[in-house]
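Take a look at the structure below.
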Amino acid sequence: MSDPALAVHDRLLAHYGPQGWWPADSVFEMMVGAILTQNTSWTNVERAITHLKQAGLLGAAAIDACDRERLAAAIRPSGTYNQKAQRLKAFSRFYLQHGGENGIASLPEARQALLEMHGIGPETADSMLLYALDRPVFVIDAYTRRIFARLGLTPPDAPYPALQAYFQSRLPASVPLFKEYHALIVAHAKQHCRTRPLCAGCPLLPGCAHGPGVLRPAAA
DNA sequence: GGCCAGGTGTAAA
DNA sequence: TTTACACATGGC
């Protein structure tokens, strides 16, 4: 009998297939995307990243050197662009000071160092650690909290560290597994569990309309 | 026109 | 220590 946390992953993977996260051309682009996607749809992040590329601003030195207003204008489609411009500049400085992703990756307390930066919270830090730096940390987002609360596996108000511990204590510490799992949760949430407080047709819920063990889209 | 998006930080109560 | 709000564009 496998753990429910692993069973959910297996069902999601069987249904949706590998998600291929994180979509980016470089490690730095991934980390930029992690900041840009804060409370923002990925399609808007893509627009912002395209603008950055066109402006020659998708590099730490370029972001560090450019005016905050110009950076903000480039990332405008991602929303909260003034905040994010400031955050990108702070992160780019951090990135340069540590000698790039390899320097950051070699920090024993990389997570703590990221969290100490203004504008990088636990989800952004863990997204960077998992997808950009290949550290086996499980990323918790609003979807994860919502879905697993609905499944009755975790308390709805469980704090971030408790949810992270839930997964990390039950799953093998595998970077590919953690990457795929978080991506699958997002893919599933987009399709089924966006609405609150309950998604009656969610195939992961007990007694769902699709019957036991069956995963397919809620749309008829 | 309202709600939501691969959150985070700050300020009231 | 909770709760509320600001940040802000774009899709549905």
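To find a chain, count down the sequence lines: A is the first, B the second, and so on, and within it residues start at 1.
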Distance, rounded to the nearest Å, where A:W42 contributes CH2 and C:dT9 contributes C1': 16 Å
Spacing of A:E180 atom CD relative to B:dG6 atom P, expressed in whole Å: 17 Å
A:T80, nearest nucleotide to its side chain (from B:dT8, C:dC7, B:dA5): C:dC7
Under 4.0 angstrom between A:Y143 side-chain N/O and B:dG6 OP1 or OP2: yes
Comparing A:T40 and A:R47 on DNA chain C - which has the more 5′ nearest nucleotide: A:T40
Spacing of A:D157 atom CG relative to C:dT3 atom P, expressed in whole Å: 9 Å
Distance test, side-chain N/O of A:Y160 to OP1/OP2 of B:dG7, below 4.0 Å: no
Nearest-Å distance once atom P is located in both C:dA4 and B:dG6: 24 Å
Shortest non-hydrogen contact from A:A189 toward A:I147: CB-CD1, 4.2 Å
NZ/NE/NH1/NH2 to OD/OE distance under 4.0 Å, A:D126 and A:R111: yes
A:L71 CG - C:dT9 C1' separation (whole Å): 16 Å
Residue pairs passing the salt bridge (Lys or Arg N to Asp or Glu O under 4.0 Å) test where at least one lies in residues 14-42 of chain A, sequence neighbours excluded: A:D25-A:K53, A:E29-A:K53
Touch class at under 4.0 angstrom, heavy-atom based, for A:T124 against every strand present: sugar-phosphate
Distance, rounded to the nearest Å, where A:K190 contributes NZ and C:dC12 contributes C1': 14 Å
Nearest heavy atoms of A:A74 and A:L57, plus distance in Å: CB-CD1, 4.4 Å
For A:Y181, the option from A:V186, A:L13, A:V8 that meets side-chain contact (heavy atoms from CB on, under 4.5 Å): A:V8
Nearest atoms (heavy-atom pairs only) where A:S92 meets A:F28: OG-CZ, 3.6 Å
Interatomic distance at P, B:dT8 relative to C:dG10, whole Å: 22 Å
Under-4.0 Å side-chain N/O to phosphate OP1/OP2 contact, A:R145 with B:dG6: no
Contact under 4.0 Å: A:Y81 side-chain N or O vs C:dC7 OP1/OP2: no
Whole angstrom value for the distance that separates C1' of B:dG7 from CG of A:L114: 15 Å
Ring-on-base stacking B:dG6 with A:W21 (under 5.5 Å, under 30°): yes
Residue pair A:K179, A:D134: steps toward the salt bridge (Lys or Arg N to Asp or Glu O under 4.0 Å) verdict: CA-CA 9 Å; A:K179 284 183 178 178; A:D134 289 317; 2.6 Å; yes
Donor-acceptor pair (no angle test) under 3.5 Å: A:N39 side chain, B:dG7 base: yes
Heteroatom pairs (N/O) under 3.5 angstrom, protein to nucleotides 9-11 of chain B:
| residue | atom | partner | partner atom | Å |
| --- | --- | --- | --- | --- |
| B:dG9 | OP1 | A:G119 | N | 2.8 |

Length of the CD1-C1' vector between A:I35 and B:dT8, whole Å: 11 Å
Rounded distance in Å - CG (A:L88) to C1' (B:dG7): 14 Å
Minimal non-hydrogen separation, A:T144 against A:V139, with atom names: OG1-O, 4.1 Å
Short side-chain N/O contact to C:dG11 OP1/OP2 from A:N44, under 4.0 Å: no
A:R146, nearest nucleotide to its side chain (from B:dG7, B:dG6, B:dA5): B:dA5
